[in-house]
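Below is one structure; the comments refer to it alone.
Here is the naming used below: chain letters follow the sequence lines, and residue numbers restart at 1 for every chain. For clarity, every value in this text was computed on a predicted model and none was experimentally measured.
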Amino acid sequence: MLEKTYSPDEVEARQYSRWEAADAFSAKFDESKEPFTIMIPPPNVTGSLHMGHALNNTIQDILCRYQRMQGRDVLWQPGTDHAGIATQMVVERQLAAEGIELDRGMPLAPGNTRQIGREEFIERVWKWRAQSGGTILKQLRRLGASCDWQRERFTMDEGLSQAVLKVFVQLYREKLIYRDKRLVNWDPRFHTAISDLEVEQKETDGHLWHFKYPIEGEEGRFITVATTRPETMLGDTAVAVHPDDERYKDLVGKFAVLPLVGRRIPIVADDYADPEQGSGAVKITPAHDFNDFEVGKRHGLEMINVFDRDAHMNDAVPQDYRGLDRFAARKQVVADIEALGLLEKIDPHRHTVPHGDRSGVPIEPYLTDQWYVDAATLARPAIAAVESGKTVFVPKQWEKTYYEWMRNIQPWCISRQLWWGHQVPAWYGPDGAVFVAHDESEAAEQAKTHYGKAVELTRDPDVLDTWFSSALWPFSTLGWPEETPALKRYYPGDVLVTGFDIIFFWVARMMMDGLHFMDGEVPFHTVYIHALVRDEKGQKMSKSKGNVLDPLDLIDKFGADAVRFTLTALAAQGRDIKLSESRIEGYRNFCTKIWNAARFCEMNECRYEPGYDPAANQQRVNRWIVSQLAQTEPKVRKAIEDYRFNEAAQALYQFIWNTYCDWYLEFAKPLFQGDDAAAKAETRATALWVLHKALFLLHPIMPFLTEELWQQSGPGEGGVGENLMTLSDWPAFDAGLIDAEADASLGWVVRLISQIRAVRSEMNVPPGAKIALIVNDASAASKARFADHEALIRTLARVETLVFDQPVPKGSVQDVLDECALVLPLAEVIDLAQERQRLQKEMDKLNGEIVKLDKKLSNEQFLAKAPDDVVAEQRERLADSRQTLSKLQSALDRLASA
RNA sequence: GGGCGAUUAGCUCAGCGGGAGAGCGCUCGCUUCACACGCGAGAGGUCGCUGGUUCAAUCCCAGCAUCGCCCACCA
């Protein structure tokens, strides 16, 4: 006997182990089946499960489970990303707690005990990973994710590292990777370059300082420039004005004397200077501003780098400022300028300041040598693949975002000054010549050819951007560059499921690399972009805001199926999800409801019957519920195939709760308790069969509950398909099971009962008090049509406490439904005035409807232009409304005469 | 500055060229032999505003307003 409520925690652990024991998740390399591939977006190895992951993986799991049930050979490739900066941070922090710091050629910080080198550090990272990395993959199991865990990969794995090497070397040889000295986004906290995408613009309240630079040789004349970063003035090498700016025409070609430094800097004419902005003159710091860099190149200006890698002032600035942190230097510069009487004014100024997305500190444009990918070239085929529909985005609007970025793509800075990651496979000779190779010996050979003798080589210390390896995930995980069976079978992937926040970081780059290295074959045919999960107020969940809902807590509290169903039900396309606990609670109740429906079947001795044939059903209610089920399946199937997961959830919820539980099981009660043995047996078999089919339809969304109930009420231990999941059988229903007659008849009964209930409830008919019912529109046809409902309705009398076929007592009220008249409660148990009011209200509503329809149907344009079926439908509705109105009217008349 | 999206019941959101829907909340009534994580019945909306297209607009188009996001820039 099933317990009274469902206990997810016990069931989930047990069922998950059973599935694993049955090897239900692995890719089967089964040539008789069509493959279906999903590559998991590899979570950071340092990560832990948040709601975004929960949504992302619930959707993937739904697709995988559904496709397995459709007979596909599914590979859901799991794994983690080595997450360069994030991981290095975690381990560095851990080391710091032990008083250990990285040896970066700086003196030991006070309080620390020792420094460690690169090798030892990397060892520590691996050790950390072995102990606590990849927690998130264990957490995914709690969610029910059916990944092929035997194939788990890590972006720093040997195999994946080989792929990275090969890609780097090949792109270098194709001149699609190159080394360049230009301004990069420099993160002074992590001492590394980062890509444009890792820069976050933040609105900040700052100031605009106006400095007066004296003009050389013109005593008392100044040119005013404004800046938000006064410390950079120490690196100024020009002042620019617009060529057409009359105010400064005579100054072009002359020099200003840079205060505090004393450097002569030219005043140049350049379109970049905007006469409308500030004074119209702009200071030029080519080494620390992207625009100024371009100006500097145009005018051959000196590029003076004034920062070290910590963004402290370096030796290029006057003695007084050396070693100062950039913000301290800012204060000092302003104070000194003011002391010189050269500070014109300070305006408050709100502007956006670039910050490192990981470090949170303002980044500095910084002149360094870095490695770049020629993204523009790689982007071309990636754009074309989407244009031609080889890869489609769902929802389609994201294609525009993709195009927008891809068509304006900038060189991708891929080198990072970190230790954790794939080290750049480049070696330098004594004179700085570069040798890019798969390993040191290959590089040495190249060097030998180059120099004519063996030389000592130094490896580039930088590592690659984490996304460089993530970009290869769709094929590196399958064994590339080896020609593995997995690669052959499971590339390209079918669908990539991800959030829009990594379209640029990841999707775009997988497209570029996939097309380039896999013979022009896209990495996936569909990109399904899902919503972001926000809190119930619509705010992004973040630890600092304290509004984070932890999926594991929710799973503990409500069960994985409830969490999954909630996310699915909310996963409408094109909108963010605002998640609240009350919503999950509602779907937890749905789980309980299903559980109790199964319990009810069990109590009524419904048993699994392999030979049951729904087409042979005699009882109309049984034919009806089968018909309803058969109409639900295509809705669910189509919804999943169209990535409209909320619609699938809704169709299932409606069928199971509103149709099966609310109506069918109620109809079944009198049959279960009646004397008709054949009807009873048929109903028992049908009730369970329909429940089972519903469990299958629901399984992709709610795997645990459905599996458990199947095992408790299905064929049982050792039976054929004792596991729902391994049976993997998506229900298919013969079109013949859709029974229009049963649908119409039971639809009528449902409406009839609803009317009776409405009257009883609104009229406050006490429980037990009888109300009378007659079928007064007793045409032979309608009698025949509904003849065999009589027995059914008679049995319902118990529940509804209505008396069938009583004469209408004088003074009773008559309500109407279709061909039937429903006779309302006895006068003594209801308030007649109230009933008159109720009827009047109904009639008012109908009248409004009739006026509208009448107007429409007397419009000749409408009759001429609207499709016939629409016209016919409107006519029918008008007739119906009129009929109902007249019945209500006669009911009201009777009431008046009471 | 460029782009995208949203605006529908108290809240959260579906829907979408011909009858305004769901969940939660609310009100009323139910210890009905699966389930109070339940059952039954209700109340509640000129579908942001203004125009246009159409026989017909919540839905399509244009403009406006408000909110949100992305990209770029900011001396």
Please tell me which of the listed nucleotides, [options], lies nearest to the side chain of [X]?
{"X": "A:Phe504", "options": "B:rC37, B:rC35, B:rC70", "answer": "B:rC70"}
{"X": "A:Lys400", "options": "B:rC4, B:rG15, B:rC37", "answer": "B:rC4"}
{"X": "A:Arg644", "options": "B:rG15, B:rU12, B:rA75", "answer": "B:rG15"}
{"X": "A:Glu666", "options": "B:rC39, B:rG15, B:rA34", "answer": "B:rA34"}
{"X": "A:Asn646", "options": "B:rA14, B:rG23, B:rA36", "answer": "B:rA14"}
{"X": "A:Ala226", "options": "B:rG18, B:rC37, B:rA75", "answer": "B:rA75"}
{"X": "A:Thr592", "options": "B:rA34, B:rC39, B:rC37", "answer": "B:rC37"}

Tell me which of A:Arg877 and A:Lys865 sits closer to the 5' end of RNA chain B, going by the nucleotide each one is nearest to.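 So the residue in question is A:Arg877.
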By nearest heavy atom, map A:Glu404 and A:Leu863 onto RNA chain B; which one lands nearer the 5' end? A:Glu404
Parallel, tilted or perpendicular: which describes the rings of A:Phe565 and A:Tyr653, with under 30° parallel and over 60° perpendicular? tilted
Determine the interplanar angle of the A:Tyr6 and A:Trp595 rings, folded into 0 to 90°, and report it as parallel if under 30°, tilted if 30 to 60°, perpendicular if over 60°.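 The arrangement is tilted - the two ring planes meet at 30° to 60°.
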In whole angstrom, give me the gap between the [atom1] atoms of [N] and [M].
{"N": "B:rG17", "M": "B:rG23", "atom1": "C1'", "value": "27 Å"}
{"N": "B:rU8", "M": "B:rA57", "atom1": "C1'", "value": "14 Å"}
{"N": "B:rC47", "M": "B:rG19", "atom1": "P", "value": "14 Å"}

OP1 or OP2 of B:rA75 sitting under 4.0 Å from any side-chain N/O of A:Lys283? no
N/O donor-acceptor pair, side chain A:Arg599 with base B:rC35, under 3.5 angstrom: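 Not at all, since no donor on one side and acceptor on the other fall under 3.5 Å apart.
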Using the benzene-type ring in the case of Trp, are the ring centres of A:Tyr528 and A:Phe645 under 6.0 Å apart? yes
Grab the CG-C1' distance between A:Leu688 and B:rA34 for me, whole Å please.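 The answer, rounded to whole Å, is 14 Å.
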Look at all strands and tell whether A:Glu602 reaches a base, only sugar-phosphate, or nothing, counting heavy atoms closer than 4.0 Å. nothing
